[in-house]
Amino acid sequence: MPELAYLENSFIPLAEARVPVNDRGYLFADGIYEVIVTREGRPFLQPEHLARLEHSAAGINLRLPAPLSQLEKLIATGIAKAGFAETMVYLQVTRGTAPRRHDYPGDLEPNLLLTFRPRPEYPPELGQEGIGIITVPEIRWARCDIKSIALLPNVMMKQQAVEKGCREALFVCADDTIRECTAANIFFVKNDTLFTPPADHHILAGITRGFIIKQASARKIEVCERKCTLEELREADEAFITSSTMDLLPVTTVDGHAIGNGRPGPLTSRIRGFFP
Ligand code: PDD
């Protein structure tokens with residue numbers, strides 16, 4: 001089954017998709033994106049993803065190229081056409097195509113790209129054994145709530161993690177405040193309470209993060225969204241990270257230091273069971 005793209009109003013094999021060099025996404029990373037995965041063939045938490053797409057678009061004064069109802073239809077068509085058991089949908093909107101200069105014409109037509117690929121599978125050992133993460137300095141901009149395609153700090157720091165044999169890198173501020181990983185949100189457990197940094201301008205309000213908070217709260221698990229420090233994380237009983245592609249992965253070491261007893265914790269395992 002070939003991977004599929006939707007570009008310039010048609011579905012084509014992903015391998016054949018080309019964008020013009022004057023696309024502002026290519027020249028300036030002037031664009032936004034979403035990643036949505038399917039569960040039992042249906043896009044999971046799609047309304048939440050599309051609402052965040054609108055938030056990101058508003059955050060960079062970008063007009064979406066189509067109403068959300070039309071984007072939903074394109075996503076459904078692409079998933080059906082691609083025919084994978086489970087699909088990872090990537091949706092990107094760039095400001096449009098224009099000769100390179102920093103400011104942009106107000107009437108530029110935005111460029112929409114959708115890709116449809118098999119949903120990545122994570123080895124089950126990662127869920128059972130947990131993963132190691134490293135900490136890295138927070139060097140990103142002050143609007144990380146916008147899901148921008150400008151991801152160079154994330155790319156650089158993720159690479160550092162991989163080169164150190166770890167799965168993720170956690171951005172930490174000079175005052176020890178923890179933010180999020182390069183492509184995932186962070187949670188920790190202390191005395192049966194779930195802690196996670198607040199969804200302000202400094203992190204992406206992860207859709208998986210929101211799902212877990214809602215599910216945990218409904219089951220009377222105490223959830224505390226507040227500024228958290230690296231010291232608190234190091235002293236936590238359990239920790240885990242979340243994203244649409246991985247759901248939830250237990251974190252057992254931070255910079256080589258064991259969290260709790262160095263094994264995925266009981267609350268983490270329980271929360272993993274919340275996913276349908
Ligand atoms: N990234 N924080 C960052 C910086 C992210 O890039 C992501 C997801 C998340 C988790 O958000 P969500 O639960 O909505 O997937 C948090 C996607 C998966 C990516 O860039 O591929």
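Atoms within a ligand are numbered from 1 in the order they appear, just like the ligands themselves.
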Tell me the protein heavy atom at minimum distance from [atom], and give that distance in Å.
atom                    : result
atom 21 (O) of ligand 1 : V35 CG2, 3.7 Å
atom 10 (C) of ligand 1 : N185 OD1, 3.7 Å
atom 11 (O) of ligand 1 : G206 CA, 3.4 Å
atom 6 (O) of ligand 1  : A183 CA, 3.4 Å
atom 2 (N) of ligand 1  : E180 OE1, 2.6 Å

Query raised in the report: Has Y26 got more than 12 heavy atoms of other residues, nucleotides or ligands less than 6.0 Å from its OH?
Result: no
Query - Under 4.0 Å to a heavy atom of L204 - the qualifying atoms of ligand 1, by number - result: 2 (N), 3 (C), 5 (C), 7 (C), 9 (C), 11 (O), 16 (C)
Query raised in the report: Which atoms of ligand 1 have any heavy atom of T182 under 4.0 Å away?
Result: 4 (C), 6 (O)
Query raised in the report: Are R140 and E180 within salt-bridge range, i.e. N to O under 4.0 Å?
Result: yes
Query raised in the report: Is it true that D247 and R39 make a salt bridge, defined as a side-chain N closer than 4.0 Å to a carboxylate O?
Result: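 Judged by the 4.0 Å cut-off on N to carboxylate O distance, D247 and R39 do form a salt bridge.
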Query raised in the report: When the ring planes of F211 and F44 are compared, do they come out parallel, tilted or perpendicular, using 30° and 60° as the limits?
Result: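 The rings of F211 and F44 stand perpendicular, inter-plane angle above 60°.
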Query raised in the report: Would R24 count as a cation-pi partner of Y104, with NZ or CZ less than 6.0 Å from the six-membered ring centre and within 45° of the ring normal?
Result: no
Query raised in the report: Could R219 and F274 be counted as a cation-pi pair, given that NZ or CZ must be under 6.0 Å from the ring centre and within 45° of the axis?
Result: yes
Report summary line: Logged contact type for C144 with ligand 1, heavy-atom cut-off 4.0 Å, is neither
Can you check whether [X] has an N/O within less than 3.5 Å of an N/O in ligand 1?
X    : value
S244 : yes
R140 : no
S243 : no
T208 : yes
N154 : no
I207 : yes

Quick one: does [X] get within less than 4.0 Å of ligand 1, heavy atoms only?
X    : value
K147 : yes
E34  : no
I203 : no
Y33  : yes

Going by distance alone, is a donor N or O of one side chain under 3.5 Å from an acceptor N or O of the other, for [X] and [Y]?
X    : Y    : result
T177 : D175 : yes
E168 : T182 : yes
E86  : T38  : yes

**Report entry** Path from L7 to V93 over hydrophobic side-chain contacts below 4.5 Å
**Finding:** no
Query raised in the report: How far apart are the C-alpha atoms of Y90 and Y33, what are their side-chain angles, what is the distance that settles it, and do they pass the ring pair (Phe, Tyr, Trp, His ring centres under 6.0 Å) test?
Result: CA-CA 7 Å; Y90 176 82; Y33 76 107; 5.6 Å; yes
